[in-house]
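Written below as structure tokens is the structure these notes are about.
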Amino acid sequence: MPYAHCQLVDAVTLKGWLHDREEIALFDIREEGLYGEGHPFYAVPLPYSRFELNIGRLAPCLATRIVLFDDGDGVAPRAASSATALGYSNVFVLDGGAPAWSAAGFTLFAGVNVPSKAFGELAEHYYGTPRVSAAELVSMQKHAVPPVVLDGRPFAEYRKMNIPGAICCPNGDLAYRLRDIVQDATTPIVINCAGRTRSIIGAQTLINIGVPNPVYALENGTQGWYLNDFELEHGNTRRYPEQSDPKGHAEARRGAQALAQRHAVARVSVAEAAALLADRTRSTFLCDVRSPEEYAAASIPGSQSTPGGQLVQATDQYVGVRRARLLLLDDDGIRAPVVASWLCQMGHEAMVLDGGLDAARNAGLTACKEGLTLAPAMTLVSPDKALELYESREAVFLDVRSSTEYRAAHILDSIWSIRPVFALDLAEVSHDAILILVGAENVAGLAAAELSELGYEHMVLLEGGVQGWEAAGYALARHAHNLPDERCIDFIFFVHDRHSGNKEAARRYLAWETNLIAQLDEQELATFKFPASKAD
């Protein structure tokens, strides 16, 4: 029986738990491709192939009520055993997995970051966020005073493709850095992203803090631009100035503080924050909403880099527990209050650390994380030794990287597989074989532990991976098509094909996004807490 020795919960009970007053983490332990095809509204992706590496970050409290969700195929019980071994004491498995959830009449939502995406659509409806189409923006750009186009995505996304002339300024930094880029309060501003959510939230952020400029969201972002047959730029490096000019900060700070007050965002002292983080009965996430570069330069031990725009756009990538406490910090008094105002509207218990980074560092604040683990160490073999083992017919190359990486370049005759499907993919590989794993050491370590349970006794890790293999003078197969789409269970074709020149995929994605609201039930809609007055 796949669910032997597990604490089981049925679908109806789980639905009730998702809407009660207690903390809960619903982790979908299927690989991301399967997750993207359909999952419960509040399910957080935690693929089994990396389960132990990420559960401590997504569920920092060992007492958290955790439910694991699979396809009813017995993978969730294996993950439950791992969670219990890490010290989690309240772990359940959904009896029957995804099929049982559907059979109970509950919706499986396609796509990713569904609560954040649905919130963006609701926010646009609620606030009536001004927007312009791609064609309207082209016309505006011909005016004597053209608009400034600000791309609200992270820099890496911006570099892939951007609206001509757009400047990268991620959403979480818009209020903070606006006057570094747009000095004139009469210049029109257009916010864009790849689709819809960040365009809407970015534009409405500036409106909500009282920016006098005319502000618009670009309807359907770069996808809408492409669907209208306008050219995109690629590889650009335009971004906000590295050194922020403080002259605009006073005004932005006043707007941010007023916004936080309107949404009843709590402010907590360092002493109060320390008590919250020390409380082992609740989950408290210490979120540094500054840029990744600023976080890397200086932050608080145990805090998580959660760039503000992305924390709103993809909350489930950073926070795995519903009804957890989100403690936000910045170093400017602008970004954390603005982001917290959105998180509160999304139904989260978000608060701001008074005094920000300086106060936290001066007091020695830390955020201890429970449940963290390192994968077992692996024995390394050089490319030369690996080839010797392979040619002796004692060894098999087993590539445990992503399917995308494998398709791009892999060792000739290597097998691609990942942890949840080892038993199926390696059915014809002798247990006496030496398995030469190819991939990151932490992922390979988890893979090796799984393989050991399946009866394999000899696992080593290729030193340097495929790069080391090629550097040693050995050939790689590049862009080979020997891995069919149906085996790429870790890749969400629905999401990614829209950026690869597939116009139909882009249209489907935008239709999916705009139709999310219609899929929500009354309990899911009640999650979001918009203010009584739209002026707020």
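Both backbone and side-chain heavy atoms feed into the values below; hydrogens, waters and symmetry mates do not. Only a predicted model underlies this, so the values are computations on that prediction, with no experimental measurement involved.
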Practice problem: Applying salt bridge (charged side-chain N to carboxylate O under 4.0 Å, His left out), run through Glu450 and Arg78 and close with a yes or a no. | Solution: CA-CA 10 Å; Glu450 188 81 15; Arg78 286 145 62 188; 2.7 Å; yes
If you measure from the Lys or Arg side-chain nitrogens to the Asp or Glu carboxylate oxygens, is any gap between [X] and [Y] under 4.0 Å?
X	Y	answer
Arg322	Glu22	no
Lys15	Glu524	yes
Asp358	Arg361	no
Arg508	Glu513	no
Arg323	Asp20	yes
Glu23	Arg282	yes
Glu124	Lys117	no
Asp73	Arg30	no

Can you sort out the partners of [X] under salt bridge (charged side-chain N to carboxylate O under 4.0 Å, His left out), two or more places apart, ordered by chain and number?
X	result
Arg267	Asp354
Arg487	Asp425
Glu31	none
Arg253	none

Quiz prompt | side-chain contact (heavy atoms from CB on, under 4.5 Å) assessment of Val44 paired with Leu58 | solution = CA-CA 9 Å; Val44 171; Leu58 292 169; 4.3 Å; yes
Quiz prompt | Centroid-centroid under 6.0 Å between His39 and Phe109 rings | solution =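 No: the rings miss the under 6.0 Å criterion.
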Self-check item: Student check: side-chain heavy atoms of Leu357 and Asp330 closer than 4.5 Å
Solution: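 No. Closest side-chain heavy atoms not under 4.5 Å.
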Quiz item: Pairs in or reaching into residues 96-109: which pass salt bridge (charged side-chain N to carboxylate O under 4.0 Å, His left out), with residues at least two apart or in two chains?
Solution: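 Checked against salt bridge (charged side-chain N to carboxylate O under 4.0 Å, His left out) - neighbours excluded - no pair reaches residues 96-109.
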Quiz item: If you look only at pairs with a residue in residues 97-111, which of them pass as a salt bridge (charged side-chain N to carboxylate O under 4.0 Å, His left out), with sequence neighbours excluded?
Solution: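 Found none.
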Could you tell me whether [X] sits above the aromatic face of [Y], with NZ or CZ closer than 6.0 angstrom to the six-membered ring centre and within 45 degrees of the axis?
X	Y	result
Arg401	Tyr406	no
Arg290	Tyr295	no
Arg419	Tyr48	yes

Flag for [Y]-[X]: side-chain donor and acceptor within less than 3.5 Å:
X	Y	result
Thr129	Gln204	yes
Thr107	Trp101	no
Ser299	Asp288	yes
Thr13	Asp10	yes
Ser116	Gln313	no

Practice problem: Please test Arg198 against Gln310 for side-chain contact (heavy atoms from CB on, under 4.5 Å), starting from the C-alpha separation and ending with a verdict. | Solution: CA-CA 9 Å; Arg198 286 171 288 190; Gln310 293 304 104; 3.0 Å; yes
Quiz prompt | Passing option when Tyr126 is tested against Phe119, Phe528, Phe530 for ring pair (Phe, Tyr, Trp, His ring centres under 6.0 Å) | solution =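 Only match with Tyr126 under ring pair (Phe, Tyr, Trp, His ring centres under 6.0 Å): Phe530.
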Practice problem: Give me the ring orientation class for Tyr509 and Trp512: parallel if the planes are under 30° apart, tilted from 30 to 60°, perpendicular past 60°. | Solution: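 Tyr509 vs Trp512 ring planes: tilted.
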